[in-house]
Amino acid sequence: MAIFAMGWHKPDNVAGSSAPAIMVGLFVATGGLLFGYDTGSINGILAMKTFREDFSTGFVDANQKPGMYPSQVSLIVAMLSAGTVIGALLSAPVGDRWGRRRSLIGAVGVFSIGAIFQVAATNVPTLVVGRTLAGVGVGTVSVLVPLYQSEMAPKWIRGTLVCAYQLSITLGLLAAALVNILTYEMPSAAAYRIPMGLQLTWAFVLALGLLVLPETPRYLIKRGYKDAAALSLSRLRRLDITHPALVEELAEIEANHDYEMALGRDTYRDVFFGEPHLGRRTLTGCGLQMLQQLTGVNFIMYYGTTFFVGAGVDNPFKISLIMQVINVVSTFPGLFVIESLGRRRLLIVGAIGMAVCQLLIASYATASGDSGDGNQNVILIAFVAIYIFFFAASWGPVVWVVTSEIYPLKVRAKSMSISTASNWLLNFGIAYGTPYMVDTKSNQPGSVNLGSRVFFVWGTFCIVAIAFVWCMVYETSKISLEQIDEMYERVDYAWNSRSFEPSWSFQQMRDFGFSDSGIPPTVPQLELQPSRTSSAGTSTAVSATTTSSTTSQDDKIISSLGHIDLSY
């Protein structure tokens, strides 16, 4: 329990209150409900008797009952992901032009239009249009929610708040499973229209709350609205705009942005070739997002119910519900330990656990020949459940945390949109290709007929993920977003990042003209104090003194604060 308490304990030397920022971050995280609920509902809807009868175009399954061709199932599921790729790429120009908050409201509106199309659909083409529009909204939300959270959260709980986005996704999946199990036996179209229509509930609640939330102070600084940024930060920290801690935090954000802009413009070219090491950061974000999909989680989330049916598992709807309960509960350990254990350790441990589970499932399926006997089903269900635990506690939430932290302010929206689009691109590929990979009964041209052996594919990518995290992912816990820039300048290898200690601030660089490398000039009259001591592991105020006979009033105020942490 001590390690859990460490993760959520507000440091004594942090000024102000973190409660407003935490409440705002948790509320915005409910944007994950949109994706989670949509994914979970289609998982069950595809297996509903009434849906398959109403939308069938002549296909008859092995039991001589109306069904859908694998190509139709692929299209219905995958077009949501195709829309999310578009939405993720649009999120950067929209978010930078209109702001994080207003863009989120617009994205929720587009999602709602798509949900209405789905409810009204009576054929596959209309349903596909609705899911594509909903996907555009989900893709935009998936970039802007973690972006909004990371830009307004105090550093000591930033990772936990961004993890709450993944928790909302799991809650959406669970809610959909509950609704599906209550409606799937209805004899009319209400069986699938009720789950589809309830999507509008989550969208309405989120849009209503966003109307009263503040814009992020970092975005307002980026746009040059310093007074508005001060007011926003004042609301989030519950401090007066003249409080020295708030003034210092705002000055550091502004100085960091000025420094970033001095290194180059905020163009898409800078996302790949800018400094400091933006290409490496973009590769890290895209790699993490793609590997998150290649662990195979959405194979279970999209097709779990139909896969269990094909594997001969009894009560597939109940099994899927149990998996969603495990998914929700298992997210909480990640929320508790992400700050104390760190991002790297959690990702590596999670990938090892997932690889072991998946390779065991695939090995047993190969040995038993996909016979569908009772023992194989027990092993399949047990190890899928353990796999879900490892994913939900690590790769589910932590990937969103890392990709919301590692980019500098000037290109944060652009970089996040590209990395998130890579997630959705792989999501589309997996959603579209899975029916062909696992189908063992229809013998449709192009089917690989892997069955449970598909877990060999996911397990192999989990092994790749271990090596990728070790070589590419920097440890970003317990330091501010501005200090992450310094870490990428000074630390050459990701495996050395845990020992990084910030030594200067961007405000000092602006005021005293430090070099682009971040190394202070050797000027006798300038004394630089570390911003965080290695013994305590906590930040202290950064100060610099000169031999000048006069000191400004602001400097006197700052120096009098002593041990108070002025960087968030």
Side-chain angles (χ1 to χ4, degrees), residues 26-27 29-52 54 76-77 80 108 111-112 114-116 118-119 121 127 130-131 134 138 141 163-206 297-309 311 313-335 381-382 384-389 391-393 396-397 431:
L26 290 176
F27 178 80
T30 58
L33 286 170
L34 304 184
F35 171 58
Y37 185 85
D38 190 284
T39 300
S41 62
I42 201 65
N43 179 4
I45 287 170
L46 288 172
M48 290 181 182
K49 178 183 176 182
T50 52
F51 177 82
R52 297 172 74 86
D54 291 351
I76 291 171
V77 174
L80 178 84
V108 173
F111 174 86
S112 299
I116 292 170
Q118 292 180 64
V119 174
L127 183 61
R131 288 186 58 77
V138 167
V141 166
C163 278
Y165 173 67
Q166 176 66 21
L167 177 62
S168 291
I169 293 177
T170 64
L171 288 172
L173 288 163
L174 176 59
L178 286 169
V179 173
N180 285 340
I181 207 169
L182 292 173
T183 66
Y184 82 98
E185 291 183 333
M186 290 181 176
S188 67
Y192 56 87
R193 296 201 192 280
I194 289 175
M196 288 178 178
L198 286 176
Q199 296 177 96
L200 293 168
T201 304
W202 321 124
F204 176 77
V205 172
L206 179 60
V297 64
N298 278 328
F299 164 65
I300 299 297
M301 299 308 166
Y302 283 134
Y303 297 109
T305 305
T306 51
F307 176 73
F308 290 136
V309 169
V313 174
D314 295 331
N315 299 317
F317 278 90
K318 291 182 180 178
I319 297 299
S320 291
L321 176 61
I322 292 171
M323 294 301 170
Q324 300 307 342
V325 172
I326 294 171
N327 194 21
V328 172
V329 173
S330 302
T331 305
F332 284 97
L335 267 69
I381 294 169
V384 166
I386 298 171
Y387 156 73
I388 292 295
F389 165 78
F391 177 85

Which atom pair, heavy atoms only, marks the closest approach of [X] to [Y]?
{"X": "Gly31", "Y": "Val141", "answer": "O-CG1, 3.8 Å"}
{"X": "Arg193", "Y": "Gln118", "answer": "NH1-O, 4.3 Å"}
{"X": "Val205", "Y": "Phe27", "answer": "O-CZ, 3.5 Å"}
{"X": "Ile45", "Y": "Pro195", "answer": "CD1-CB, 4.2 Å"}
{"X": "Ser168", "Y": "Leu33", "answer": "O-CD2, 3.4 Å"}
{"X": "Met186", "Y": "Thr50", "answer": "O-CG2, 3.2 Å"}

Given Leu173 and Tyr37, is the side-chain contact (heavy atoms from CB on, under 4.5 Å) satisfied, shown in steps? CA-CA 5 Å; Leu173 288 163; Tyr37 185 85; over 6 Å; no
Set of ring-ring contact (aromatic ring centres under 6.0 Å, His included) partners for Tyr165, sequence neighbours left out: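 Partners of Tyr165 by the ring-ring contact (aromatic ring centres under 6.0 Å, His included) criterion, ordered by chain and then number, come out as Trp400.
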Could you tell me which residues satisfy side chain to side chain donor-acceptor pair (under 3.5 Å) with Tyr387, sequence neighbours excluded, listed by chain and number?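 Counting only residues at least two positions away or on another chain, Tyr387 forms no side chain to side chain donor-acceptor pair (under 3.5 Å).
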Quick one, [X] and [Y] - any side-chain contact, counting heavy atoms below 4.5 Å?
{"X": "Gln199", "Y": "Leu34", "answer": "no"}
{"X": "Val138", "Y": "Asp38", "answer": "no"}
{"X": "Leu167", "Y": "Pro397", "answer": "no"}
{"X": "Ile116", "Y": "Leu200", "answer": "yes"}
{"X": "Leu46", "Y": "Phe51", "answer": "yes"}

To the nearest 0.5 angstrom, please state how far the [atom1] atom of [X] sits from the [atom2] atom of [Y].
{"X": "Ser112", "Y": "Phe204", "atom1": "OG", "atom2": "CZ", "answer": "10.0 Å"}
{"X": "Ile322", "Y": "Leu174", "atom1": "CD1", "atom2": "CG", "answer": "11.5 Å"}
{"X": "Leu321", "Y": "Leu182", "atom1": "CG", "atom2": "CG", "answer": "9.0 Å"}

Do any N or O atoms from the side chain of [X] and from the backbone of [Y] form a donor-acceptor pair under 3.5 angstrom?
{"X": "Thr331", "Y": "Ala393", "result": "no"}
{"X": "Arg131", "Y": "Gly114", "result": "no"}
{"X": "Thr183", "Y": "Ala191", "result": "yes"}

After noting the C-alpha distance and the side-chain angles of Ile42 and Leu80, does the key distance pass the side-chain contact (heavy atoms from CB on, under 4.5 Å) rule? CA-CA 10 Å; Ile42 201 65; Leu80 178 84; over 6 Å; no
Steps toward side-chain contact (heavy atoms from CB on, under 4.5 Å) verdict (Gln166, Thr170): CA-CA 6 Å; Gln166 176 66 21; Thr170 64; 4.0 Å; yes
Do Asn180 and Tyr192 have a side chain donor and acceptor closer than 3.5 Å?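 Side chains of Asn180 and Tyr192: no pair found under 3.5 Å.
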